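Structure incoming, see below.
Below, read A as the first sequence line, B as the second, and so on, with proteins coming before strands; counting in each chain starts at 1. Since we're looking at a predicted model, the values are computed, not measured.
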There are 2 protein chains.
Amino acid sequence: MGEHKKMPRASVLRMELCLELLEQLEADGSVYVTSRQIGEATGVSADKVRQDFFHLGSEGKPKVGYEVAQLAELIRSVLDLKTAKKTCLVGLGNLGRALTASNIWSRAGFELAAIFDTDPSLIGTTTAGIRVRNVTEIYGVVKAENIIAGVAAVPASAAQDTADLMVGAGIRAIWNFAPVKLHVPEDVVVESQSLAWGLITLSYEMKNNIKDQAPERAK
Amino acid sequence: MGEHKKMPRASVLRMELCLELLEQLEADGSVYVTSRQIGEATGVSADKVRQDFFHLGSEGKPKVGYEVAQLAELIRSVLDLKTAKKTCLVGLGNLGRALTASNIWSRAGFELAAIFDTDPSLIGTTTAGIRVRNVTEIYGVVKAENIIAGVAAVPASAAQDTADLMVGAGIRAIWNFAPVKLHVPEDVVVESQSLAWGLITLSYEMKNNIKDQAPERAK
DNA sequence: CGGCATTCGTTAAACAATTAACAATTTAAT
DNA sequence: ATTAAATTGTTAATTGTTTAACGAATGCCG
Ligand SMILES: NC(=O)c1ccc[n+]([C@@H]2O[C@H](COP(=O)([O-])OP(=O)(O)OC[C@H]3O[C@@H](n4cnc5c(N)ncnc54)[C@H](O)[C@@H]3O)[C@@H](O)[C@H]2O)c1
Ligand SMILES: NC(=O)c1ccc[n+]([C@@H]2O[C@H](COP(=O)([O-])OP(=O)(O)OC[C@H]3O[C@@H](n4cnc5c(N)ncnc54)[C@H](O)[C@@H]3O)[C@@H](O)[C@H]2O)c1
C-alpha cells in the first residue's frame, strides 16, 4: 500500500470533486463504488482515479470497488477536513457577503468566526449572526478567539496591508481573492483565487475550440 | 520567434495575472517592463514569465524588456478578451447575485445580457438593470439577443438540466459553478469552478506546512 | 470446484510543465 | 571603439503528471 508524503496538487483538487460524489452516494445509501463509476460521474479517467487513491493509500477490493463511507473518511482525513479551523473574513463587500451567505465553510472544516471591515457604515451591523468589527480590532479578536485562518476579500490595493495585519495577529493561512501576490512568512500558507480565471480561460477555450477541427476528446 | 499552437493551461492563468499587472503599469505610465520585474510583482519566476511570453510569440528587447502597452495588447489578443461575448446567468441565488454585482465581466469581454431563474418571486424583478426572466424563455432570448455564453449558478441537482437547456438554445460556452461534471457536445466549452477548491487546498496545505520543517521556498 | 471476467494496486512508459542554461542582442560606460 | 552588464529568445535538463500496462485478488457462474 502506498504511503503519501506529498500529494500532487491536481490530485487534491480531484479529491474534492470525488468527495462531493461520495457524500452523495453515501446519502443515497450506496455501499461500494468502483473507480470506473467514480470516473464516469466526475469526468475523470478511471486510471487517474486509481492513481489518486494510490497516493492516499487506497483500500479497495478487486471486483467490488471501494467502500463509500470508508473512502470518504480517508479523503477527509488526508485533506484534514475534520479538524475545526476558526476563520475570519476581512472585507464585507460584494464578494464577502456572498461568501458569508454560502455553505462552503463547514464542508472543509472552516468556521466563520469574525468579520472585519473599515467602512463605518458596516461596522456594528450583523451579518449571518456575526457582528462586523473594525479591522483595527483584528489582533485582539484573533488572539481571543483562537482564529487561525483569514479570508482577504478587500480591494487589491488593500490586500497586502490586510495580509500583514493577519500575519501580525497570528493567522497561519490566508485565502486571498485580490489579484496580487501576497508576501508572507514561509510558515504562512496563501491560496489565491481569482474569480476571473474562469472567464479568462473560457474566453481562450472558446476561441480555440471554434478553430479546432479535432477538439479534445472527452475522457 | 515561437508560434503558439496551444498554450498550457497554467500559462493562460498566469497571463491573466500578468495582464492585471500590465494594466496597472499602463495606468501608472510605465513604458517598459522586464521579465524580472513582472516576476517580482506577480510571484512567478522570471524564467517562467519568459517561457510564457515565448508561447505568445514575445516581442521584448534585450536589456530593456517588454513594451507594456504592446504586451498587454498581445495578451488580450491571444486570450481573445477584446471580442464582445454576450452572456446569460441562470440561477440568481447567493452566488448569482454576487456575480451580477461584480465587475469581472468586462475585463474578459463578457457582457451580462440576461438573467434566468425558476423562482416566481424573482421573475420580473430587476437586478443590475436586467429583468429576471423565467428559464423557460431561455431559448427565445438567447436566439434573439445572440447570447453565446452562459453561467450556471444553480444547485447541483439542476446543473445538467440547465446545461442541456443552454446547449439547446445554442450557447457555446458554459461557466459552471455546480460541483458536477456536465455532459455537453464536443463543440461546447465548459469551465467548471468549485469555490470550495480554495478552502480544500488551504486545509491540505495547512496540515502539511505545519509538519514540514523545510517548507517550500518562495520562488 | 474451476475457469472467467472484473477490478484493484503497482510499476513503467509517455507526455507535459517547469527550471536551468546560455548564446545573441542591446544599452551604457569607459 | 571596446568592454561590461543586463536581458532576451530558445534549447536542454529536470521534474511532475498522466496514461498505459499487467499480475494478483476477488467474486461469479456453470
Ligand atoms: N465581487 C466579485 O465577484 C469579485 C470578482 C473578482 C475579484 N474580486 C476581488 O475580490 C476583492 C473584493 O471584491 P468585492 O467586489 O467584494 O469588493 P467591494 O469593493 O465590494 O468590497 C470591498 C470591501 O472591503 C472593505 N475594505 C476596503 N479596504 C479595507 C481594509 N483596508 N481593511 C478592511 N476592509 C477594507 C470595503 O469597505 C468593502 O466593504 C477585490 O480584490 C476584487 O478584485 C471580486
Ligand atoms: N454561494 C456560494 O458561495 C457557493 C459556493 C460554492 C459553490 N456554490 C455552488 O453554486 C451554485 C449556486 O449556489 P448558490 O449559493 O447561489 O445557491 P442558491 O440556492 O442561493 O441559488 C440557486 C438559484 O438557482 C435557482 N434555480 C434552482 N433551480 C433552477 C433551475 N432549474 N433553473 C433556473 N434556476 C434555478 C433558484 O431559484 C435560486 O435562485 C450551487 O451549485 C452551489 O453548489 C455556491
Side-chain angles (χ1 to χ4, degrees), chain A residues 1-15 17-18 22 30-68 70-71 74-75 78 201 204 208 216-219, chain B residues 1-15 17-18 22 30-68 70-71 74-75 78 201 204-205 208 214 216-219:
Chain A
M1 69 212 77
E3 261 314 312
H4 51 282
K5 286 298 175 186
K6 57 177 177 181
M7 217 180 349
R9 178 189 172 79
S11 285
V12 175
L13 299 185
R14 283 192 296 267
M15 286 303 94
L17 193 63
C18 182
L22 291 171
S30 304
V31 178
Y32 287 101
V33 65
T34 68
S35 59
R36 172 185 308 214
Q37 291 169 319
I38 292 174
E40 197 78 21
T42 60
V44 174
S45 78
D47 281 337
K48 219 186 292 185
V49 170
R50 281 211 309 288
Q51 185 85 55
D52 286 344
F53 291 172
F54 177 51
H55 284 128
L56 295 175
S58 43
E59 297 277 342
K61 275 200 285 191
K63 184 83 180 194
V64 176
Y66 305 86
E67 201 184 325
V68 172
Q70 180 186 322
L71 182 55
L74 177 62
I75 293 176
V78 170
T201 55
Y204 179 71
N208 274 46
E216 57 173 304
R217 284 163 299 114
K219 193 50 173 301
Chain B
M1 66 214 77
E3 262 314 311
H4 50 282
K5 285 298 173 184
K6 57 178 178 182
M7 217 179 351
R9 176 190 173 79
S11 286
V12 175
L13 300 185
R14 284 192 295 268
M15 286 304 94
L17 193 63
C18 182
L22 290 172
S30 304
V31 178
Y32 286 101
V33 65
T34 69
S35 59
R36 172 183 311 210
Q37 292 169 318
I38 291 174
E40 197 78 21
T42 59
V44 175
S45 77
D47 280 338
K48 218 185 293 187
V49 171
R50 281 211 309 290
Q51 185 84 53
D52 286 345
F53 291 172
F54 178 49
H55 283 128
L56 294 176
S58 43
E59 296 279 340
K61 275 202 284 191
K63 183 83 179 200
V64 175
Y66 304 85
E67 200 183 327
V68 172
Q70 179 186 325
L71 182 56
L74 177 61
I75 293 176
V78 171
T201 56
Y204 180 72
E205 296 278 330
N208 275 46
E216 56 173 300
R217 283 163 298 114
K219 194 41 170 311

Phosphate OP1/OP2 of C:dT7 contacted by A:Lys61 side-chain N/O (<4.0 Å):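 No, outside the criterion.
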Could I get the full list of salt bridge (Lys or Arg N to Asp or Glu O under 4.0 Å) partners for B:Arg36, not counting sequence neighbours?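 Listed in chain order: nothing, the list is empty.
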I want to check one thing: is the phosphate of C:dT18, taken as OP1 and OP2, less than 4.0 Å away from some side-chain N or O of A:Arg9?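 So the side-chain polar atoms of A:Arg9 never come under 4.0 Å of the phosphate oxygens OP1 or OP2 of C:dT18.
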For B:Val33 and for A:Ser11, find the nucleotide of DNA chain D with the closest heavy atom, then tell me which residue's nucleotide is more 5'.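 In this pair, the answer is B:Val33.
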Choose from C:dA20, C:dC8, D:dA20 the nucleotide whose nearest atom is closest to any side-chain atom of B:Asp47.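 Of the options given, the side chain of B:Asp47 lies nearest C:dA20.
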Counting just side-chain N and O atoms, does A:Arg36 come under 4.0 Å of either OP1 or OP2 of C:dT7?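 Yes, A:Arg36 has a side-chain N/O under 4.0 Å of OP1/OP2 on C:dT7.
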How about B:Tyr66 and B:Phe53: are their ring centroids closer than 6.0 Å?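 Ring centroids of B:Tyr66 and B:Phe53 are less than 6.0 Å from each other.
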Please tell me if the side chains of B:Val31 and B:Val68 come closer than 4.5 Å, counting only heavy atoms from C-beta onward.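 B:Val31 vs B:Val68: side chains apart.
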Using OP1 and OP2 only, check whether a side-chain N or O of B:Lys48 sits under 4.0 Å from C:dT19.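 For C:dT19, OP1 or OP2 has a side-chain N or O of B:Lys48 closer than 4.0 Å.
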Could you check B:Pro8 against A:Tyr66 and say which one's nearest nucleotide on DNA chain C is further toward the 5' end?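 Comparing both residues, the 5'-ward one is A:Tyr66.
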What is the distance, to the nearest angstrom, from the NE2 atom on B:His55 to the P atom on C:dT19?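 Between P of C:dT19 and NE2 of B:His55: 14 Å.
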What integer distance in Å separates B:Asp52:CG from D:dT10:C1'?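 About 14 Å, once rounded to whole Å.
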Phosphate contact (D:dA6 OP1 or OP2) by B:Thr34 side-chain N/O below 4.0 Å: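 For D:dA6, OP1/OP2 do not have a side-chain N/O of B:Thr34 under 4.0 Å.
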To the nearest Å, give me how far apart CD (B:Gln51) and C1' (D:dG9) are.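 It is 10 Å, rounded to the nearest whole Å.
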Which residue pairs satisfy the salt bridge (charged side-chain N to carboxylate O under 4.0 Å, His left out) criterion with at least one member in residues 38-58 of chain A, sequence neighbours excluded?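 As it turns out, the salt bridge (charged side-chain N to carboxylate O under 4.0 Å, His left out) pairs with a partner in residues 38-58 of chain A, which skip direct neighbours, are A:Arg14-A:Asp52, A:Asp47-A:Arg50.
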The side chain of A:Phe54 is closest to which nucleotide in this list: D:dT10, C:dG9, C:dT19?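 Out of D:dT10, C:dG9, C:dT19, the nucleotide with an atom closest to A:Phe54's side chain is C:dG9.
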Quickly work out the B:Gln37 CD to D:dT8 C1' distance and round it to whole Å.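 Checked: the CD to C1' distance equals 14 Å.
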Of all the choices, C:dT26, D:dT11, C:dA5, which nucleotide is nearest to the side chain of B:Lys63 once you look at every atom?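 Ranking C:dT26, D:dT11, C:dA5 by closest atom to the B:Lys63 side chain puts C:dT26 first.
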What is the distance from CG of B:Leu71 to C1' of D:dT8, rounded to the nearest Å?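 That distance rounds to 13 Å.
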Within the pair B:Ser35 and D:dT7, is there a side-chain N or O less than 4.0 Å away from OP1 or OP2?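 Negative; the distance criterion is not met.
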To the nearest angstrom, how far is B:Leu13 atom CG from C:dT18 atom C1'?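 From B:Leu13 CG to C:dT18 C1': 15 Å.
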Which nucleotide in the set C:dA5, D:dT8, D:dT7 lies at the smallest distance from any side-chain heavy atom of B:Arg50?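 Of the candidates, D:dT8 comes closest.
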Spacing between B:Phe53 atom CZ and C:dT18 atom C1', to the nearest angstrom: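 Computing the B:Phe53:CZ to C:dT18:C1' distance gives 16 Å.
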Rounding to an integer number of Å, can you tell me how far A:Ile38 CD1 sits from C:dT6 C1'?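 Distance, rounded to whole Å: 16 Å.
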Residue pair A:Cys18 / A:Ile38: nearest heavy atoms and the distance that separates them: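 Looking at all heavy atoms of both residues, the closest pair is SG-CG2, 4.0 Å.
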